[in-house]
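Encoded as C-alpha cells, the structure appears first; notes follow it.
Convention: sequence-line order gives letters A, B, ...; per-chain numbering from 1.
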4 protein chains.
Amino acid sequence: MGAVKSKRVPRAVREQQMMDAAVLTFARRGYRAASMDEIAEVAGVSKPLVYLYLNSKDELFSAVIRRESEALVAAVTAAVEPGAPADRQLWSGLKGFFAHTTENPDGWAVLHQQARTQGEPFAREVAAMRAEIMTFVTALIGAAAKEAGCDGELADREVSALAHALVGAAESLAEWVNTGTDEGTSGERERPAPRDTAATLMNFAWAGLGRLIGGGRWSPEG
Amino acid sequence: MGAVKSKRVPRAVREQQMMDAAVLTFARRGYRAASMDEIAEVAGVSKPLVYLYLNSKDELFSAVIRRESEALVAAVTAAVEPGAPADRQLWSGLKGFFAHTTENPDGWAVLHQQARTQGEPFAREVAAMRAEIMTFVTALIGAAAKEAGCDGELADREVSALAHALVGAAESLAEWVNTGTDEGTSGERERPAPRDTAATLMNFAWAGLGRLIGGGRWSPEG
Amino acid sequence: MGAVKSKRVPRAVREQQMMDAAVLTFARRGYRAASMDEIAEVAGVSKPLVYLYLNSKDELFSAVIRRESEALVAAVTAAVEPGAPADRQLWSGLKGFFAHTTENPDGWAVLHQQARTQGEPFAREVAAMRAEIMTFVTALIGAAAKEAGCDGELADREVSALAHALVGAAESLAEWVNTGTDEGTSGERERPAPRDTAATLMNFAWAGLGRLIGGGRWSPEG
Amino acid sequence: MGAVKSKRVPRAVREQQMMDAAVLTFARRGYRAASMDEIAEVAGVSKPLVYLYLNSKDELFSAVIRRESEALVAAVTAAVEPGAPADRQLWSGLKGFFAHTTENPDGWAVLHQQARTQGEPFAREVAAMRAEIMTFVTALIGAAAKEAGCDGELADREVSALAHALVGAAESLAEWVNTGTDEGTSGERERPAPRDTAATLMNFAWAGLGRLIGGGRWSPEG
DNA sequence: CATGAATGAGGTTTCATTCAT
DNA sequence: TATGAATGAAACCTCATTCAT
C-alpha cells in the first residue's frame with residue numbers, strides 16, 4: 001500500500017507529497033486518530049523523514065491548515081471581479097467557493113470538520129481564515145447597502161450577523177452537496193454543479209437581503 | 001477541579017452526573033482527546049464506576065449524543081405552536097433553538113463540533129437528529145409556499161437546498177453568538193438574546209424566501 | 001441467567017452452591033479468566049456474599065481443589081476392595097477413577113487442567129492428592145511383584161516410574177474419553193463406559209507388568 | 001533480572017529473544033498471569049517493541065506454541081529411523097521425545113501445561129500437534145500388530161486407546177522426570193537420562209503390547 | 001442474611017518521537 | 001537523503017475487593 005516508491009526526490013516535492021498524504025489521512029480519520037505511521041505510509045516514505053521535514057504532528061497539521069486555507073482563500077479571491085457591484089462579487093465568490101470545495105473535498109473537510117474542533121492553536125488558525133472571508137462578505141453587504149442608498153440603517157452588529165448567516169449557509173450547502181453516496185457503486189447521486197449551488201444560495205440570500213435593504217421587514221408581531 | 005464528593009448516590013443520579021461531566025469534557029477537549037480519567041475526575045468518581053455504568057468510551061459518547069439530541073429536539077418541538085402559520089412556527093422554533101443552544105453550549109458543541117466529525121457510528125446519530133430537523137424545516141418551507149399560492153414552482157431539491165441553507169445559517173449564528181470571550185473575566189462581551197438572534201435570521205431568511213415565493217428572482221445575468 | 005433466586009438458604013447449602021458455580025466457571029474459563037462476578041452470577045448470589053463465605057478468590061479456588069480432590073480420592077477408595085489381590089484392587093480402582101471423572105468432568109478439569117497449571121500454592125495441593133494416589137499405585141505394583149515372588153528385582157525408582165506411567169496413561173484416557181463432541185447435536189459420539197476404558201488400560205498395563213514381573217496374564221473375569 | 005542489554009539488534013534476532021523470554025515467562029507464570037511487562041523485561045527490551053514485532057499477547061502465545069510444537073515434532077521425527085521395525089521406531093522416538101523435553105523443559109511446560117488449558121484457539125493448535133504424534137504412534141502399534149501376524153484382531157478404537165495410554169504415560173514421565181528441585185541449590189536430585197526413561201517406558205509398554213499382540217519380548221539391546 | 005455502590009491496582013495496547021547508521 | 005530499531009508516556013479497560021446500609 002502507499003504511493004510508489006521514488007527515491008531521491010527534491011525536498012519541496014517530498015513535502016507536498018507528505019502534506020497530500022496528511023490531508024487525505026486527517027480527512028479520513030480525524031486529527032487524533034490519524035497516526036504518523038499511516039501518514040508516512042500513504043506518503044510512501046519512512047516516518048523519520050516526515051519528522052525531518054515537518055518536525056511534529058502539530059506542525060504538520062498546522063502546515064496543512066495553512067496550505068489549505070491559503071488555497072481556499074486564493075480560489076475565492078481569484079474568482080471575484082474586484083471592481084464589480086457587490087452582488088456580482090458575492091456571486092462569483094460563491095461560485096469559486098463551491099468549485100474549490102467540490103474539487104478539494106478532503107482539504108475542506110480538514111479545515112471545516114477537523115481543524116475547528118481540535119481546540120487551540122488549530123481552531124485559531126482556521127478561525128483567522130474564516131474571519132478574513134467574513135470580513136470580505138461583511139464589506140460586500142455593507143457596500144450593497146450603500147449602493148441601495150440605505151447607509152447606516154443596518155447596525156454593524158447586524159451586518160456581521162448577516163455575514164455569519166450567509167457564510168454558515170454556504171458551508172452547510174458545501175457539506176450537503178459534497179457528502180453522501182461515496183461508495184455507492186450504482187445509483188451514484190449526481191452532485192449539483194457548483195454554479196447551481198451558488199445560484200440557489202444567491203437567490204435565497206439576495207432576495208432576502210434585497211428586501212431588508214429595500215425596507216421590507218418581517219416582524220414577529222406580524 | 002472536580003465536583004463536590006458525594007458518596008453513595010443512587011445509580012440514576014450518578015449516571016447523569018457522569019454524563020454531565022462527559023458533555024463538559026468532550027466539548028472542551030474533543031472526543032479523542034478527552035480521557036476517561038478526566039471525565040471521571042470531573043464527575044467526582046473513580047474510573048471503574050464510569051465503566052460499570054456506561055460500559056465504554058464509545059457507549060458513553062453515544063449516550064451523551066442521544067441525551068443531547070433528544071434535549072435539543074424536545075426544546076425546539078416544545079417551542080413551536082403546531083397549528084400556527086409556517087412563518088410563526090419557524091420563528092418560534094428558531095427562538096427555541098437559540099435559547100437551548102445558548103443555555104446549553106457544551107451540549108451543542110458536542111453535537112455540532114464533535115459528534116459530526118468522529119465518523120461512524122457517531123456521525124450517523126447526529127445526522128439522524130439533524131435530518132429530523134431538516135425535514136421539519138423543509139415541510140415548513142413547503143407549507144409557506146403553498147400558503148403563498150405558489151405550489152409546485154419550487155422543485156423538491158431546491159426546497160431541500162433552502163432548508164440546508166437556513167439550518168446552516170442558524171448553526172453558524174448559534175456558534176458565533178455563543179463563542180468567544182469565555183475566559184475574559186473583564187470586558188465580557190454581552191451575548192445577544194436568543195430572541196434577537198432569531199429575529200435577525202428570520203429577517204434575513206424570510207424576506208428572501210418571501211421574494212422567492214412571490215416571484216422575484218435574482219439572476220446571475222442580472 | 002444464573003440459578004433461580006432462593007432467599008434465606010442455610011450457609012452450608014449456599015457454600016456448596018457457590019462452589020458448584022466456581023467449579024463450573026473455573027473449568028470453563030480457567031482460574032485467571034474466571035471472574036468473581038461470573039461465579040456469583042452463576043451461583044445466583046451477590047458478590048459480597050461469596051466473599052463473606054469464601055473470603056477470597058484464592059481461598060475459593062483452594063476450597064474447590066480440596067473438595068474435588070477429596071471427592072476423587074473417596075470415589076477411588078470406595079471402589080477398591082481392601083483385601084483383594086493387587087490386580088483386582090487396581091482394576092476396581094481404575095473403574096472408580098474413570099466412573100468419577102466421567103460423571104464429574106468439570107471437577108476433573110479443575111484438578112487436572114487448571115489447578116496444576118496455576119503455580120503455587122494450588123499446584124502443590126493437587127500434587128499432594130496425586131502423590132497420594134501415586135503412593136497407592138506404587139504399593140500395588142510392589143505388592144504384585146511380591147505376590148509373583150520377584151521381590152527386590154525392581155528398584156524402587158523403577159516402580160515409581162511405572163506408577164507414573166500408569167497414572168499418566170489413565171489421565172490421558174480420562175481426558176480422551178470425556179472430551180469432544182460436547183455441542184455436537186447430531187452424531188454425538190458415544191463415550192465408552194468407564195468399565196471398558198478400565199479394561200483396555202488394564203490389558204495394556206497388566207500384560208506388560210505381568211511379563212516384567214514374571215507372572216501370568218491378567219483378566220477382568222479372573 | 002533481564003537479559004544483558006544489547007542495542008540495535010536485527011529484527012529476526014530480537015524476535016527470537018522475545019520468544020525465548022515469552023517461553024520462560026509463560027512456563028513460570030501461566031498464560032494469563034504472565035504480563036507483557038515481565039516478558040519485555042526478561043527479553044531486555046521495551047514493551048512497545050514486543051508489540052511492534054509480535055502484535056499482541058495472543059499472537060505472541062500462538063507464535064510460541066507454533067515454534068515449540070514444530071521443534072518438538074522435529075526432534076521426535078529426527079530421532080526415528082524410518083525403515084526400522086515398529087518397536088525400534090517407537091524406542092528411538094521416545095528417546096527423542098524425552099531428550100527434547102529434558103533439554104527444553106520450559107517449552108514443554110508451555111505446550112503441555114499452558115497451551116492446552118487456555119481454551120480456543122490455543123488448545124486447538126497444540127491438540128493438532130498432539131494428534132500428529134498420536135497418529136504416528138497409532139500407526140506404529142498397527143504396524144507392530146501386522147508384523148506379529150495378528151492383523152485385525154485389535155479394533156481401531158482399541159488401538160487408538162492404546163496410543164492415548166502410551167502417549168499419556170510418556171507425558172506423565174516427562175513431567176515427573178523434569179520436575180522438582182529446580183530452586184534447590186544443594187542436593188539437586190539428578191534427573192535420569194532420557195535413554196533410561198525411554199527404556200523404562202518401553203519395557204512397561206512393549207511387554208504389555210507384546211503379550212496382547214502375541215509376540216516376543218522387546219529389549220533395548222535387541 | 002444480603003446487597004448496591006464504589007475503588008486501587010494493574011492489565012493490554014497505541015502513539016508521537018528519537019537514535020544510530 | 002533516508003531508514004530500521006527502539007522507547008516514554010499515556011490511553012482504554014477489567015478485576016478482586018470493601019463499605020454502608
Side-chain angles (χ1 to χ4, degrees), chain A residues 5 7-11 14 32-40 44-60, chain B residues 5-15 32-40 44-60, chain C residues 5 7-11 14 32-40 44-60, chain D residues 5-15 32-40 44-60:
Chain A
K5 206 75 158 283
K7 301 221 159 183
R8 299 278 148 181
V9 171
R11 171 161 184 156
R14 266 277 140 79
R32 295 282 306 219
S35 77
M36 294 297 270
D37 267 311
E38 182 173 0
I39 292 171
V45 297
S46 70
K47 221 178 351 171
L49 198 58
V50 180
Y51 279 89
L52 189 64
Y53 285 175
L54 278 317
N55 299 321
S56 75
K57 195 184 186 186
D58 278 20
E59 282 191 37
L60 171 56
Chain B
K5 210 64 161 289
S6 53
K7 299 224 158 179
R8 301 276 146 178
V9 171
R11 174 170 180 151
V13 175
R14 267 280 190 267
E15 278 183 351
R32 295 285 306 227
S35 79
M36 294 298 269
D37 265 310
E38 182 173 0
I39 292 171
V45 296
S46 70
K47 217 181 352 171
L49 200 58
V50 181
Y51 279 91
L52 190 62
Y53 287 173
L54 280 316
N55 297 324
S56 74
K57 196 182 186 185
D58 277 21
E59 281 193 38
L60 171 56
Chain C
K5 206 77 157 279
K7 300 219 162 185
R8 297 277 149 182
V9 170
R11 172 164 182 156
R14 264 281 192 291
R32 296 282 306 221
S35 77
M36 294 297 269
D37 267 310
E38 182 173 1
I39 291 171
V45 298
S46 71
K47 221 179 348 172
L49 198 57
V50 180
Y51 278 89
L52 189 63
Y53 286 174
L54 279 316
N55 299 321
S56 75
K57 195 185 185 185
D58 278 20
E59 283 191 35
L60 171 56
Chain D
K5 213 61 163 290
S6 54
K7 299 223 157 178
R8 299 279 147 179
V9 169
R11 174 171 181 151
V13 175
R14 268 279 191 267
E15 278 184 351
R32 296 284 307 228
S35 78
M36 294 298 269
D37 265 311
E38 183 174 0
I39 291 171
V45 296
S46 71
K47 220 179 353 170
L49 199 59
V50 180
Y51 278 91
L52 190 62
Y53 287 173
L54 279 316
N55 298 324
S56 74
K57 197 183 183 184
D58 277 21
E59 282 192 36
L60 171 56

Short side-chain N/O contact from R14(B) to OP1 or OP2 of dA5(E), under 4.0 Å: no

Interatomic distance, L60(D) CG vs dG11(E) P [rounded to whole Å]: 16 Å

OH-NZ distance between Y51(A) and K57(A), expressed to the nearest 0.5 angstrom: 8.0 Å

Under the side-chain contact (heavy atoms from CB on, under 4.5 Å) test, residues paired with N55(B) that sit two or more places apart: E59(B)

B/S/- contact track for nucleotides 10-17 of chain F, protein heavy atom under 4.0 Å: -SSBBBSB

Residue list, salt bridge (Lys or Arg N to Asp or Glu O under 4.0 Å) with R11(D), at least two apart or on another chain: E15(D)

Non-hydrogen atoms of S46(A) and A40(A) that approach each other most closely: C-CB, 4.1 Å

Pairing annotation in dot-bracket form, given for DNA chain E with Watson-Crick or G-U pairs under 3.5 Å and | for cross-strand partners: .||||||||||||||||||||

Closest nucleotide among dT3(E), dT7(F), dA6(E) to the L52(B) side chain: dA6(E)

M36(D) vs I39(D), side-chain contact (heavy atoms from CB on, under 4.5 Å): CA-CA, chis, key distance, verdict: CA-CA 5 Å; M36(D) 294 298 269; I39(D) 291 171; 4.2 Å; yes

Sugar-phosphate, base or nothing in reach of R11(A), heavy atoms under 4.0 Å: nothing

Residue list, salt bridge (Lys or Arg N to Asp or Glu O under 4.0 Å) with K47(B), at least two apart or on another chain: D37(B)

Interatomic distance, E59(A) CD vs dA16(E) P [rounded to whole Å]: 15 Å

